[in-house]
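The structure appears below as structure tokens.
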4 protein chains.
Amino acid sequence: MAAMAGAMNAGPVTENPRAEAQRERILCAAQQCFIDHGFHAASMASIAETAQMSAGLMYRYFENKNAIVLAIIERQLEEGRAHVARLRSSSDLAADLLGFFERWRARDPGLMNAALFLEMNAEATRDPQIATALRRSDEAMRRDLVAWLSRSSGEGGIGLPREVAVTRAFVLQAFVKGLAVSAVLQAEIDHAALEAAIDAQVQRLLAP
Amino acid sequence: MAAMAGAMNAGPVTENPRAEAQRERILCAAQQCFIDHGFHAASMASIAETAQMSAGLMYRYFENKNAIVLAIIERQLEEGRAHVARLRSSSDLAADLLGFFERWRARDPGLMNAALFLEMNAEATRDPQIATALRRSDEAMRRDLVAWLSRSSGEGGIGLPREVAVTRAFVLQAFVKGLAVSAVLQAEIDHAALEAAIDAQVQRLLAP
Amino acid sequence: MAAMAGAMNAGPVTENPRAEAQRERILCAAQQCFIDHGFHAASMASIAETAQMSAGLMYRYFENKNAIVLAIIERQLEEGRAHVARLRSSSDLAADLLGFFERWRARDPGLMNAALFLEMNAEATRDPQIATALRRSDEAMRRDLVAWLSRSSGEGGIGLPREVAVTRAFVLQAFVKGLAVSAVLQAEIDHAALEAAIDAQVQRLLAP
Amino acid sequence: MAAMAGAMNAGPVTENPRAEAQRERILCAAQQCFIDHGFHAASMASIAETAQMSAGLMYRYFENKNAIVLAIIERQLEEGRAHVARLRSSSDLAADLLGFFERWRARDPGLMNAALFLEMNAEATRDPQIATALRRSDEAMRRDLVAWLSRSSGEGGIGLPREVAVTRAFVLQAFVKGLAVSAVLQAEIDHAALEAAIDAQVQRLLAP
DNA sequence: CATGAATGAGACTTCATTCAT
DNA sequence: CATGAATGAAGTCTCATTCAT
């Protein structure tokens with residue numbers, strides 16, 4: 001079973017390591033360019049230059065510029081989802097929220113980039129493929145959230161009734177997204193006070 | 001104060017009504033195009049067609065495409081700020097939040113468009129002019145919010161201590177922004193339950 | 001009636017003389033380039049240069065390179081058809097055939113170009129739009145031919161029975177096309193002898 | 001004579017059978033691709049894929065794409081010429097012409113392809129190498145034709161005077177080419193009537 | 001004031017060809 | 001002998017912007 005699961009994920013990686021490394025190089029470069037200039041303004045030429053390869057070569061690994069955009073989006077979404085899976089307690093959550101905010105504000109490159117996140121949501125309004133990807137990821141995250149909220153506290157959950165958990169998860173997601181938006185303006189805000197406020201919010205959100 | 005603010009904006013309005021009408025036509029067209037295709041993908045030609053005028057004429061009223069983008073952004077921000085100014089009680093707030101969410105989800109054309117809002121925030125990351133505009137608007141809204149939160153309830157406020165109000169305002173803003181983001185995916189959500197959850201959030205947010 | 005017919009043809013011409021002149025410039029340039037390099041090898045840039053305008057401008061008058069190709073094809077076909085309409089007697093035909101051959105061989109620019117004709121037929125094999133255009137023109141020419149062959153000689157026709165005329169028209173068309181193909185190699189051939197041979201062929205083709 | 005002709009072509013065949021097999025694979029693939037997409041639109045990559053070999057390998061057997069085109073043209077010409085060599089009587093000729101037409105129309109892969117034939121003639125207009133190849137083949141076929149037409153009927157010929165034969169051969173060639181052109185449009189035509197018409201044409205063409 | 005024709009830069013993409021492995 | 005990754009040039013097309021009319 002574990003082997004199978006491994007095989008399922010490893011498939012493309014191990015099948016052709018060289019190709020996968022190239023895809024990786026392209027995606028990293030693309031991510032940088034998209035962050036710097038946006039999906040539309042970033043040119044294939046600039047991505048190629050960042051990836052240190054010819055523009056034509058990228059078409060061996062991606063059908064389209066659009067395919068690259070999609071891949072970047074999927075990637076960022078997966079990364080975001082991984083964070084949710086790690087939640088354990090209410091104090092975790094408050095700390096995480098504050099942590100995310102600070103890292104978004106600092107434009108930590110290891111995290112889902114806030115500007116990219118906003119742009120992909122805006123684009124979802126117009127591109128059905130992106131909308132589908134986003135919706136799927138959004139729902140998956142909400143499912144994880146609901147599972148965590150409705151699990152008993154003995155099992156590392158919060159112990160909310162299921163119906164309540166669904167709406168709370170939605171509100172929580174909205175709050176997280178809002179922190180991402182707020183982070184892009186890099187407003188100066190008192191850290192300790194913010195921590196208290198977020199903490200209070202979270203308390204209420206997780207209360208029965 | 002109100003007079004000053006009015007005077008600052010009124011300049012172009014009273015100077016030349018004809019020109020202002022033209023600007024208005026262009027901005028309406030541009031807003032539609034930007035919503036439909038995004039800031040970059042919308043072409044000057046499509047805006048001109050929507051505005052039923054020649055492409056060249058637009059350059060008589062706006063220096064370039066970027067100036068139109070900026071103007072649209074300022075416009076949307078002003079509109080958003082107007083809503084905040086009307087807040088009076090905590091029940092107002094909860095109802096407003098739910099109302100905004102539903103109208104964003106329905107893509108109500110009379111409201112600040114969610115996709116546009118996301119895109120302008122993303123763009124603020126890259127364009128200092130947009131960043132400044134957004135930051136100014138954001139701070140103004142927060143000031144209004146803080147004023148309302150810290151005014152005594154006898155004067156139609158909430159009566160929070162000033163230091164507390166500042167952070168609460170920030171958190172509240174984040175929550176509103178998050179609702180805008182959440183609205184673009186048009187997820188199905190139980191309306192009554194959401195109302196309850198938002199209400200509870202607001203209660204906490206406004207509690208002493 | 002004449003006025004109507006005039007209006008019908010003049011439509012695009014008189015509607016916007018400037019635009020029509022530009023289209024004409026483009027088409028002339030395109031024809032030259034297509035003759036010189038073929039439909040595929042001729043670049044939009046080379047056409048633009050020949051037409052002495054920027055490449056981008058051509059897209060104001062034609063949606064596509066393909067649209068230009070199509071227009072050129074239709075144009076050549078119309079021109080070809082006009083010749084058939086003028087046939088009156090069997091001596092006309094023999095003289096015309098020889099005349100066509102010589103002009104094809106000399107690459108007379110005022111005539112349907114042989115290389116272009118071959119290429120468009122080859123392309124008809126792959127592009128349904130071109131196939132349709134060619135087929136329509138081919139059939140129209142054959143109808144004209146049949147009409148002429150089956151009209152009584154008193155009315156300037158040949159007086160063949162209708163069923164016979166149909167096949168003869170087909171064979172005659174094939175022969176004409178074959179002369180076009182033969183012309184591209186510019187073989188040296190005794191003119192007088194060729195005239196006699198063509199004459200004999202035509203005699204037989206028009207005999208009862 | 002036959003030995004000499006054989007020797008001229010045999011060079012590469014006997015020198016290295018392996019290499020010749022590879023060339024053959026490439027040429028078959030190229031022919032298919034050229035028929036499907038035309039000389040220009042067919043890519044080396046598609047030819048390589050059809051030939052089930054790497055793109056790079058083809059350059060071991062052909063200097064460049066143009067060399068492949070040339071080889072394909074020579075090949076098709078040889079094939080065409082082989083048919084002429086088999087002519088024996090006037091009834092042969094009429095039957096052959098009809099047969100060719102039907103097979104061209106049906107796009108019989110075993111026969112010189114009509115679209116390819118047209119394209120190579122068009123290209124001969126621009127590429128001197130192709131022109132030379134075509135002219136040589138054309139003349140060779142005409143010589144064969146003249147030989148047959150001027151041979152006495154006792155020796156399986158038609159018995160025309162030589163000067164007459166030259167022109168008749170030219171006209172006959174033109175007619176055959178015309179049938180090839182006509183075949184690409186795949187017009188519906190009454191088979192029996194066409195047979196009669198072709199027969200009559202041929203009668204006249206071979207008459208003294 | 002208004003038009004829309006015109007330009008030129010630049011975007012995406014394809015492809016013949018080469019070369020390290 | 002064979003591969004296929006890599007390149008660079010070239011091709012089609014779009015678009016913000018200008019300017020003669």
Side-chain angles (χ1 to χ4, degrees), chain A residues 16 18-19 21-23 25 37 40-48 51-69, chain B residues 16 18-19 22 37 40-49 51-69, chain C residues 16 18-19 21-23 25 37 40-48 51-69, chain D residues 16 18-19 22 37 40-49 51-69:
Chain A
N16 186 344
R18 168 69 166 156
Q22 290 285 63
R23 283 178 65 94
R25 257 209 8 243
H37 306 108
H40 283 91
S43 72
M44 290 298 276
S46 74
I47 296 173
Q52 287 179 285
M53 60 176 70
S54 73
L57 185 54
M58 295 195 295
Y59 288 84
R60 185 174 280 278
Y61 302 103
F62 293 93
E63 199 189 342
N64 264 348
K65 180 179 175 181
N66 208 52
I68 298 182
V69 170
Chain B
N16 184 345
R18 163 83 164 128
Q22 292 282 60
H37 305 108
H40 283 89
S43 69
M44 291 297 276
S46 74
I47 296 173
E49 194 189 17
Q52 288 178 283
M53 64 174 64
S54 72
L57 187 52
M58 295 195 295
Y59 285 83
R60 203 167 271 283
Y61 301 103
F62 293 94
E63 198 189 342
N64 50 30
K65 185 181 174 181
N66 208 50
I68 298 183
V69 171
Chain C
N16 187 343
R18 168 70 167 154
Q22 290 285 61
R23 284 179 63 94
R25 258 212 5 246
H37 306 108
H40 283 91
S43 71
M44 290 298 277
S46 75
I47 296 174
Q52 286 178 284
M53 62 176 69
S54 72
L57 184 54
M58 296 195 295
Y59 288 86
R60 184 175 280 278
Y61 302 103
F62 293 94
E63 199 188 344
N64 263 349
K65 180 179 175 180
N66 208 52
I68 299 182
V69 170
Chain D
N16 184 344
R18 162 84 164 130
Q22 292 282 60
H37 306 106
H40 283 90
S43 70
M44 291 296 276
S46 74
I47 297 173
E49 195 189 17
Q52 287 178 285
M53 65 175 64
S54 71
L57 187 53
M58 295 196 295
Y59 286 82
R60 204 167 270 283
Y61 301 102
F62 293 93
E63 200 188 340
N64 50 32
K65 186 180 174 182
N66 208 51
I68 299 182
V69 171

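Keep in mind the model is a prediction, meaning the values are calculated, not measured. A note on names: the letters A, B, ... follow the listed sequences, proteins ahead of strands, and every chain is numbered from 1.
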Checklist line | Separation between OG of S54(D) and OH of Y59(D), rounded to the nearest 0.5 Å | finding: 11.0 Å
Can you tell me how far [atom2] of [N] sits from [atom1] of [X], to the nearest Å?
{"X": "H37(B)", "N": "dC15(F)", "atom1": "NE2", "atom2": "P", "answer": "10 Å"}
{"X": "N16(A)", "N": "dT3(F)", "atom1": "CG", "atom2": "C1'", "answer": "13 Å"}
{"X": "I47(B)", "N": "dT17(F)", "atom1": "CD1", "atom2": "P", "answer": "11 Å"}
{"X": "H40(B)", "N": "dG10(E)", "atom1": "NE2", "atom2": "P", "answer": "15 Å"}
{"X": "E49(D)", "N": "dG4(F)", "atom1": "CD", "atom2": "P", "answer": "12 Å"}
{"X": "I68(C)", "N": "dG11(F)", "atom1": "CD1", "atom2": "P", "answer": "15 Å"}
{"X": "K65(A)", "N": "dT14(F)", "atom1": "NZ", "atom2": "C1'", "answer": "13 Å"}
{"X": "M44(B)", "N": "dT3(E)", "atom1": "CE", "atom2": "P", "answer": "14 Å"}

Which nucleotide in [options] has an atom nearest any side-chain atom of [X]:
{"X": "Y61(A)", "options": "dA5(F), dC15(F), dA16(E)", "value": "dA5(F)"}
{"X": "M53(C)", "options": "dA16(E), dT7(E), dA11(E)", "value": "dT7(E)"}
{"X": "S43(A)", "options": "dA16(F), dA11(E), dA16(E)", "value": "dA11(E)"}
{"X": "S54(D)", "options": "dA11(E), dT3(F), dA16(E)", "value": "dT3(F)"}
{"X": "R60(A)", "options": "dA16(E), dG8(F), dG4(F)", "value": "dG4(F)"}
{"X": "L57(C)", "options": "dA16(E), dT17(F), dT7(E)", "value": "dT7(E)"}

Notebook entry, point to check: M53(C) versus Q22(C): any side-chain heavy-atom pair under 4.5 Å?
Noted result: yes
Notebook entry, point to check: Are any non-hydrogen side-chain atoms of F62(A) and N66(A) less than 4.5 angstrom apart?
Noted result: no
[Y] backbone acceptor or donor facing [X] side chain under 3.5 Å:
{"X": "N64(A)", "Y": "A67(A)", "result": "no"}
{"X": "K65(B)", "Y": "A42(B)", "result": "yes"}
{"X": "R25(A)", "Y": "Q52(A)", "result": "yes"}

Check: Base, sugar-phosphate alone, or nothing: which one does A42(A) contact when heavy atoms must sit under 4.0 Å apart?
Finding: sugar-phosphate
Check: Are N64(C) and dC13(F) close enough that a side-chain N or O sits under 4.0 Å from OP1 or OP2?
Finding: yes
Next item on the list: Give a yes/no answer on whether the side chain of Y59(A) brings an N or O atom under 4.0 Å of OP1 or OP2 in dT13(E).
Entry: yes
Margin query: Assuming nearest nucleotide by heavy-atom distance, tell me which of A55(C) and Q22(B) is located more 5' along DNA chain E.
Written below: Q22(B)
Next item on the list: Take A41(D) and M58(B), find for each the nucleotide of DNA chain E with the closest heavy atom, and name the residue whose nucleotide sits nearer the 5' end.
Entry: M58(B)
Next item on the list: Hunt down the Watson-Crick or G-U wobble partner of dA10(F), both distances under 3.5 Å, from any strand shown, or write none.
Entry: dT13(E)
Check: Is there a Watson-Crick or G-U wobble partner for dT21(E) with both distances under 3.5 Å, and which nucleotide is it?
Finding: dA2(F)
